[in-house]
Amino acid sequence: MVFSCASAKAQNYKTHKVQVGETLEQIAKEYNVSKSSILALNPDARKELKVSSVLIIPKQGVVVKEPETTTKETKTLLGFKTHKVKRKETLYSLSKEYGVTQEDIKKHNPELYANNLRKGDQIKIPEYKIVKEVVVTKSPLTTYTVQPKEGKWRIAYKYGITVQELEDLNPDMKDVLQPGDVVNVPNKEAETIKEVDEKYSYYTVLPKEGFYRIKLKTGLTQEDLEKLNPELSETGLKEGMVLKIPFKSENSIIEGVVSSMTTNAGKVDLTKSNINPETKKIAIMLPFGLNKVNTDSIYDTKKQIETDRYLSVSLDFYTGVKVALDSLQELGVNLKVDVFDTQNRESEVASILRRNDFSKTSAVIGPLMPKLFNDVASKLKSDNVPIISPLTKTVDLGDNVFQSRPSEEMLEDAVINHFKKDSTAHVIIISDKKHKSISDKLKREFTRASVLSSRTERKTGKDAYYVLDLDIVNVLKPGKNVVFLETDNAGFVSNVSSLLNSKIVTGTDIILTTTKMDKAFEDEEVRNTHLSNLNFTYSDIKKSYNEDENNSFAKRYKNIYNELPNSYATRGFDITMDVVLRLVTSEDLYLSANHSPLTTYVENKFAYKKKLFGGYYNDAVYLVKYSDLKIVEVTE
């Protein structure tokens, strides 16, 4: 009895996208594997082979069967028998008569490849000795039950495969795994299955990323990485591979733990986690400027709120904070909150720091302005007090800083990466002269894209901010067209969106997008119906909640303040909820970045990553689109 066992290493698999007219036989022949091995990994293909569906293909030489005992026949050629062809005899009838295949007969009578059998032909019939062997095959796959707090990247790491390979093995797997879900994994020996060590961080290898680029991000050499990940010396780096890296050393936490890891880890609902009953102390610093408010006059106070931008934003933000504190109290959180008015003055901030002891403070939210925020962060660094920047785009990312607002570069990359996934779409780049640099970058990302620039005024040579109907016609193609519009001019947005709307016909799918959502797209000159028809898609730090949704925060806010919350109030709520819940469900805010990789609230989501030399930045952004005159999240 002969036993054979298929290798279950991740490198033994690849994927194939089914093309029009392809058959299983053709695909099996292309990869030099058996049809049955493909069916074993893709059972749905037995019923129907769908165009554009993705098949899991074992590499050549890999046996893939359901666990079973089979019989293998080995033929040994003993000699030949001569046969004189009679009237009406065919290759088929001869193969049945002598127990050989038609191909066997042709192989030893090459002239039959070009000519048919004729009466009187003398042909050789091979005679074989057939030896039957019993072969036991072992499936390279087994099943695994998802454990609490496990996401795709953890399971992929355990079994030494990439997240993409895990998804390929489980075509119907949900985006977010739940405890108890059963998934297919490589059938590995127990001692070779790795465990996730919470003392380490984990990094997902980016496309086309080599050891040199990873060293620039982490400070870890190839030798360092291979010591922590011994399989690297055998497999080399692969896109999507999850690597173990140091977590607490100076070179540990990296700048490039990518968003895909956040997504694959799945979001964490901290309201359902175990809450530490110990009282936490936080501080909030906002530029109310109450020293300038005339409290003796209601009219003057209202007027000042309307005209003072800092006061208005601070009050809106703080109303959201107040609702969050009420919600946290209902969850059983014990909290001491100190609120400070920075007056948007350096002297006042210095006075606050001098008069108060922040060494026992678990976290500080604010100040809003970059200069004051950087001053506070620098002063609190010696006590390792984490400080959260709530609104500002750019601050100094010191070791104790949490930048809650995703960067413009992340927003830009989110849109680009989204559309790079669809290789079938034709990309069109339209820009004004001011935005030529981003147009050039897009052209580098989408090398086959068509590029269209706004027209110029003949006399002055200045940008005229329009294109002609014929310009659009010349770049559109049948099928799906993705149009990047890069401008901050409302008239240009109106011009392009109107022309694109007129070109939406049967057989043409046009999607409008931009790398930077600007107020120009929201201008009254631009028709929302046009943006909706074009499924206008963009990235944002927030996802506006729908007033039709059953939103408990919005309801509570309206009951208290008699109006719906604006984006500042909502952000005040979301940031406060996130910071406090991270504090009471983890040892501190720093460790929560590792333990709670992704959290989502009303409009905002947070996934903090550690910069190589510095603090933490939020790389969780939303991709949204106009649909039926509403703004909805892009989920596919």
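These values consider heavy atoms only, across backbone and side chains, with no hydrogens, waters or symmetry-generated copies. Quick note: residue numbers are just sequence positions, from 1.
The nearest pair of heavy atoms linking Leu237 to Ile214 is CD1-CD1, 3.9 Å. Contact detail for Ala569 and Phe553: the closest heavy-atom pair is O-CZ, 4.1 Å.
The backbone N or O of His435 lies less than 3.5 Å from a partner atom in the side chain of Asp432, making a donor-acceptor pair.
Taking the six-membered ring for Trp and thresholds of 30 and 60 degrees, Tyr31 and His16 have ring planes more than 60 degrees apart, a perpendicular arrangement. The aromatic rings of Trp153 and Tyr202 are tilted relative to each other, their planes meeting at an angle between 30° and 60°. Taking the six-membered ring for Trp and thresholds of 30 and 60 degrees, Tyr561 and Tyr557 have ring planes inclined between 30 and 60 degrees apart.
Within the 4.5 Å cutoff, side-chain heavy atoms of Glu486 are placed close to those of Phe484. Leu49 is listed as a side-chain neighbour of Ile27, based on a closest heavy-atom distance under 4.5 Å. Contact of the Leu598 side chain with the Val268 side chain is not registered, since no non-hydrogen atoms from C-beta on lie closer than 4.5 Å. Between Leu512 and Leu485 there is a side-chain heavy-atom pair separated by less than 4.5 Å. No side-chain heavy atom of Arg405 sits under 4.5 Å from any side-chain heavy atom of Ser389.
Side-chain N/O atoms of Tyr203 and Glu209 include a donor and acceptor closer than 3.5 Å. Side-chain polar atoms of Thr424 and Asp422 form a donor-acceptor pair below 3.5 angstrom. Between the side chains of Arg527 and Ser532, no donor N or O sits under 3.5 Å from an acceptor N or O.
Looking at Lys434 and Asp463, no side-chain N of the basic residue comes within less than 4.0 Å of a carboxylate O on the acidic one, giving no salt bridge. Using a cut-off of 4.0 Å between Lys/Arg side-chain N and Asp/Glu carboxylate O, Asp619 and Lys609 are scored as salt-bridged.
For Asn562, the CG atom counts as loosely surrounded, since its 6.0 Å shell holds 12 or fewer non-hydrogen atoms of other residues, nucleotides or ligands. Surrounding CG of Asp628 are at most 12 heavy atoms belonging to other residues, nucleotides or ligands under 6.0 Å away. Within a 6.0 Å sphere centred on OH of Tyr310, other residues, nucleotides and ligands contribute 12 heavy atoms or fewer. Other residues, nucleotides and ligands place no more than 12 heavy atoms under 6.0 Å from the CD atom of Glu409.
Remark: Lys558 pairs with no residue by the side-chain hydrogen bond (donor to acceptor under 3.5 Å, both in side chains) rule, at least two apart or across chains. Annotation: salt bridge (charged side-chain N to carboxylate O under 4.0 Å, His left out) contacts of Asp413 (sequence neighbours excluded): Lys441. Applying the side-chain hydrogen bond (donor to acceptor under 3.5 Å, both in side chains) criterion to Lys420, with sequence neighbours excluded, gives Glu445. Qualifying side-chain hydrogen bond (donor to acceptor under 3.5 Å, both in side chains) partners for Ser404, counting only residues two or more places apart in sequence or in other chains: Arg571. Contacts of Asp316 classified as salt bridge (charged side-chain N to carboxylate O under 4.0 Å, His left out), with partners at least two apart in sequence or in another chain: none.
Ring centers of Tyr616 and Phe402: under 6.0 Å apart, within the cut-off. Aromatic ring centres of Tyr601 and Phe573: separated by at least 6.0 Å.
For the pair Lys605 and Tyr622, the distance from NZ or CZ to the six-membered ring centre is under 6.0 Å and the angle to the ring normal is within 45 degrees.
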Taking distance alone, no hydrogens or angles, what donor-acceptor pairs closer than 3.5 Å link side-chain atoms of residues 516-524 to residues at least two apart or in another chain?
| from | atom 1 | to | atom 2 | distance (Å) |
| --- | --- | --- | --- | --- |
| Asp518 | OD2 | Ala520 | N | 3.0 |
| Asp523 | OD2 | Glu525 | N | 2.8 |

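With respect to Asp440, the side chain to side chain donor-acceptor pair (under 3.5 Å) criterion is satisfied by exactly one of Lys443, Lys436, Arg444: Lys436.
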